[in-house]
Each structure stands twice: as structure tokens, then as C-alpha cells.
S.K.: 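Dropping a structure here in C-alpha cells format, bear with me for questions.
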Amino acid sequence: MQITALSGGVGGARFVRGLLRALADDPDHEGSTVTVVGNTGDDITLFGLRVCPDLDSLLYTLGGGVDEAQGWGRADESHHVMAELTALGVPPQWFSLGDKDFGTHVARSLWLGRGASLSEATERLAQRWGLPDRGVRLLPVTDAPIETHVVVDDEAGGERAIHFQEWWVRHGAALPALRFTVAGLAQAAPAPGVLEAIREADVVLLPPSNPVVSIGIILGVPGVRDALRGTRAPVVGVSPLIAGRPVRGHADACLAPLGVEASAAGVAGLYEDLLDGWLVDEADAGSSYPARVRVRSLDLLMRDEAGAARIARAGLDLAAELR
Ligand code: GDP
Ligand code: CA
């Protein structure tokens, strides 16, 4: 079976790790492969290096090198390079990278500088983390350098756009977002293999990633949304919101400027044109959902890998019902 998942960073990576566990535990799934299409709207150039936060969270989580408590960055990390940059007064001071993590960004930037595409650089990093051996292919949604920006009020009564990372990390998403714009999106082509992975999949899964700045960006790359509408595979999603709140992060602050209710039903509405199945938490079982979407409720909290595997299994079961 070929499974394709669209993913942001921490929420998506934890779900996909659970999916791999669910597949490994089930003899019927021997030989199944997983293609992960990762969001690149969070990407940013810092200290002269190209940083891809969501792809890196996927690499480290699926490769067994993530800082578990944080959900991103490397385990057993030190921060000597960052301390030196701070001593040198090199901005930005609000984004911290660990020393091992720097290695990833140096290598990626070197390869990109020599003319490699982001897909090629990601493939080399995925090899380092053993992803092909686990039956996983990690594709950036596009090789074009796209960047999500957030439009906020400025002090002079006008508007200004700041990079998504500045809004999220520096301001904790507390500055009200007027809207999101994604630089480069309209001209971005899907990376090699992305549309095929969606069209030729047996199942497409939408992990509980941020619906606006993770999944929403992937859906905005020209051709991706149409591929999802047109695929024969059932498309099954997992709500990132439980009882009207994100489990972590600020998805509610991202939904507000879209005028979409922060709820499992609100997010389902965003995906209505392409969604076949929707997993919601038991707390949200009583809400009303788009008529064409088959809804199942279960405990949606990924407390650990086994919990994520349980949710992934429910997604696969619902997809099998829909096929
Ligand atoms: P990011 O790029 O690191 O922000 O990660 P994602 O976009 O992939 O995922 C972020 C979303 O994951 C947030 O909106 C969270 O609400 C959601 N999330 C995190 N942990 C859980 C969980 O245990 N269960 C569910 N249902 N959603 C979760
Ligand atoms: Ca992200």
C-alpha cells in the first residue's frame, strides 16, 4: 500500500512516526511505503543558512534524533555557536539553533549553494536519518523558496508584513494577524513526485498539523489541491483541535483572520472539497460536520508513540471503509 501524508512540523511528525509504528505492527502492511509531503512555508534564511523547520522536525522525529520534550530540534543539544553569535551581536537574537542542528543547516545551505534542489538536499538528509530504510520518502512540497508572512498592524496605523517565524517565535502569535501572505506561492511548482504521490496513493492522510500555516500552505501550492480533489484514494484527516483548542501552538490565532471557527468542525470546513473522512476527539463528537465527510470520534491526544499509532490505525481503518 502507498500512503501519502501532508505534514507540518511537530504535530505532523509525531503522527507520521505513529503511522510507521502502526504499519510495522501489522503484518498486512508489510511492504507499505509512506510518502511525506512537508510544508516549506516556515523556511527562513538565518545567519546566512537556509533553515527548514518542518522538514527538520520530520527528519529528526522519524530518524530518532529529536528532542522529545520540545518536539523539535536535536536531542542532547548544546548551544555554543548560538552563544558566540549572541556575543558578536549577530541578529536575530530571538531564534535559537543548537550546534548539531547547525550542522543540518550548514550542509543544506552548502548543497543548495552548489545548485542542488531542496528535494535533493532533503533526500541526502533523509538518508543520513535512515528514512529510506524505514520505507519513508520525504518530499518538500515545492523546491521554490516560498515564505509565509503575517500582515499585522504597525504603530503608525498602517500595516506591515513580518516573517511567519518572527510572528510565531518572537511574538508568540500574540500580535493579531490581519492575514497571511505567502511570498513565491503563486509561481511555485510542486516538487518532483508530489502530485504523483497524491494521485497514485492508496490512502492520503492529513495529520493533525496546523490547518492554515502547515496544511494550508501545502494546499496552496498550485496543483496540489486539485490533485487531492481528483485522487481516487480516500483522503482522511485528523483534527488538530480538541474541544475548540489547539493541543499545542496557536492554530486558533491562525484561523481567526480567515474567519474560521477554531474547532474540529471549522477545520473540516476548510478541507470540505477534498476530505472523505475526518477523525475528531470524543469531545467533538456532537458537532455537525460537512455532510459528505464521514466522521469518527476517538481520543485524539498523542501522549506517546503508541497513542499516535492508535490514531493512525483509526485513520487507516476509516480509509479502508471509504475505499
Ligand atoms: P508545527 O509545524 O511544528 O507547528 O507542527 P504541525 O503544523 O505539524 O502541527 C501543529 C498542530 O498539531 C497544532 O495545531 C496542534 O494542535 C496539533 N497537535 C499537536 N499535538 C497533538 C495531539 O496530540 N493531538 C492532536 N489531535 N493534535 C495535536
Ligand atoms: Ca511549522
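When a residue number appears, it is its place in the shown sequence, counting from 1. Computed from a predicted structure; not experimentally measured. Start at 1 and go down the list; that is how both ligands and their atoms are numbered.
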S.K.: Which part of Pro53 is near ligand 1, with near meaning a heavy atom under 4.0 Å away: side chain, backbone, both or neither?
M.R.: neither

S.K.: Test your reading of the model: is there a side-chain donor-acceptor pair from Thr61 to the backbone of Val66, 3.5 Å cut-off?
M.R.: no

S.K.: Would you mind telling me which of Thr40, Asn39, Asn210 makes a side-chain hydrogen bond (donor to acceptor under 3.5 Å, both in side chains) with Asp54?
M.R.: Asn39

S.K.: Return a yes/no value for Gly9: is any of its N or O atoms, backbone included, closer than 3.5 angstrom to an N or O of ligand 1?
M.R.: yes

S.K.: Would Leu241 count as a polar contact of ligand 1, with the cut-off being nitrogen or oxygen pairs under 3.5 Å?
M.R.: no

S.K.: What is the name of the N/O/S atom of Asp54 that is nearest to the Ca ion (ligand 2)?
M.R.: OD1

S.K.: Report yes if some heavy atom in the side chain of Pro92 is under 4.5 Å from a heavy atom in the side chain of Leu46; otherwise report no.
M.R.: yes

S.K.: Give the atoms of ligand 1, by number and element, whose distance to some non-hydrogen atom of Ser214 is under 4.0 Å.
M.R.: 2 (O), 6 (P), 7 (O)

S.K.: How long is the gap from CD on Gln93 to CZ on Arg170, to the nearest 0.5 Å?
M.R.: 10.0 Å

S.K.: With a cut-off of 4.0 Å, which atoms of ligand 1 are near a heavy atom of Ala251?
M.R.: 14 (O)

S.K.: Does any part of the side chain of Trp94, heavy atoms only, come nearer than 4.5 Å to the side chain of Gln165, both counted from C-beta?
M.R.: yes

S.K.: Strictly by modelled atom types, are Thr35 and Arg137 linked by a side-chain donor-acceptor pair under 3.5 Å?
M.R.: yes

S.K.: What do you reckon, is CD of Glu123 surrounded by more than 12 foreign heavy atoms closer than 6.0 Å?
M.R.: no

S.K.: Compare Asp54, Val212, Val10 and give the one whose heavy atom is closest to atom 5 (O) of ligand 1.
M.R.: Val10

S.K.: Ring-plane angle category for Trp278 and Tyr271, please: parallel below 30°, perpendicular beyond 60°, tilted otherwise.
M.R.: perpendicular

S.K.: Among the N, O or S atoms that Asp42 has, which is closest to the Ca ion (ligand 2)?
M.R.: OD2

S.K.: So if I count the atoms of ligand 1 from 1 in the order they appear, which ones are less than 4.0 Å from some heavy atom of Pro208?
M.R.: 9 (O), 11 (C), 12 (O), 17 (C), 18 (N), 25 (C), 26 (N), 27 (N)

S.K.: When you measure from atom 4 (O) of ligand 1 to every protein heavy atom, which one gives the shortest distance, and what is it?
M.R.: Trp168 CZ2, 4.3 Å

S.K.: Show which atoms of ligand 1 fall inside a sub-4.0 Å distance from at least one heavy-atom site of Arg248.
M.R.: 13 (C), 14 (O), 15 (C), 16 (O), 19 (C)

S.K.: Is there a nitrogen or oxygen of Pro240 sitting under 3.5 Å from a nitrogen or oxygen of ligand 1?
M.R.: yes

S.K.: Considering the heavy atoms of Asn210, write down every atom of ligand 1 situated less than 4.0 Å from one of them.
M.R.: 6 (P), 7 (O), 9 (O), 10 (C), 11 (C)

S.K.: May I ask you to check whether Thr45 and Arg50 show a side-chain donor-acceptor distance below 3.5 Å?
M.R.: yes

S.K.: Return the closest protein heavy atom for atom 23 (O) of ligand 1 as residue, atom name and distance.
M.R.: Met302 N, 2.7 Å

S.K.: Apply ring-ring contact (aromatic ring centres under 6.0 Å, His included) to residues Trp168 and Phe95 and explain how you reach the verdict.
M.R.: CA-CA 10 Å; Trp168 187 269; Phe95 202 99; over 10 Å; no

S.K.: For Gly11, take its heavy atoms, then give the atoms of ligand 1 lying under 4.0 Å from any of them.
M.R.: 5 (O), 6 (P), 8 (O), 9 (O), 12 (O)

S.K.: Would you say Ser239 touches ligand 1, if touching means a heavy atom closer than 4.0 Å?
M.R.: yes

S.K.: Drop me the distance from Leu138's CG to Leu62's CG, to the nearest 0.5 angstrom.
M.R.: 7.5 Å

S.K.: Heavy atoms only: which of Asp42, Leu301, Leu300 is nearest to atom 25 (C) of ligand 1?
M.R.: Leu300

S.K.: Against heavy atoms of Pro246, which atoms of ligand 1 measure under 4.0 Å?
M.R.: 16 (O)

S.K.: To check your reading of the model: name the closest protein heavy atom to atom 8 (O) of ligand 1, its residue, and the distance in Å.
M.R.: Ser209 OG, 2.6 Å

S.K.: Is it true that Tyr60 and Asp101 share a donor-acceptor pair across their side chains at a distance under 3.5 Å?
M.R.: yes

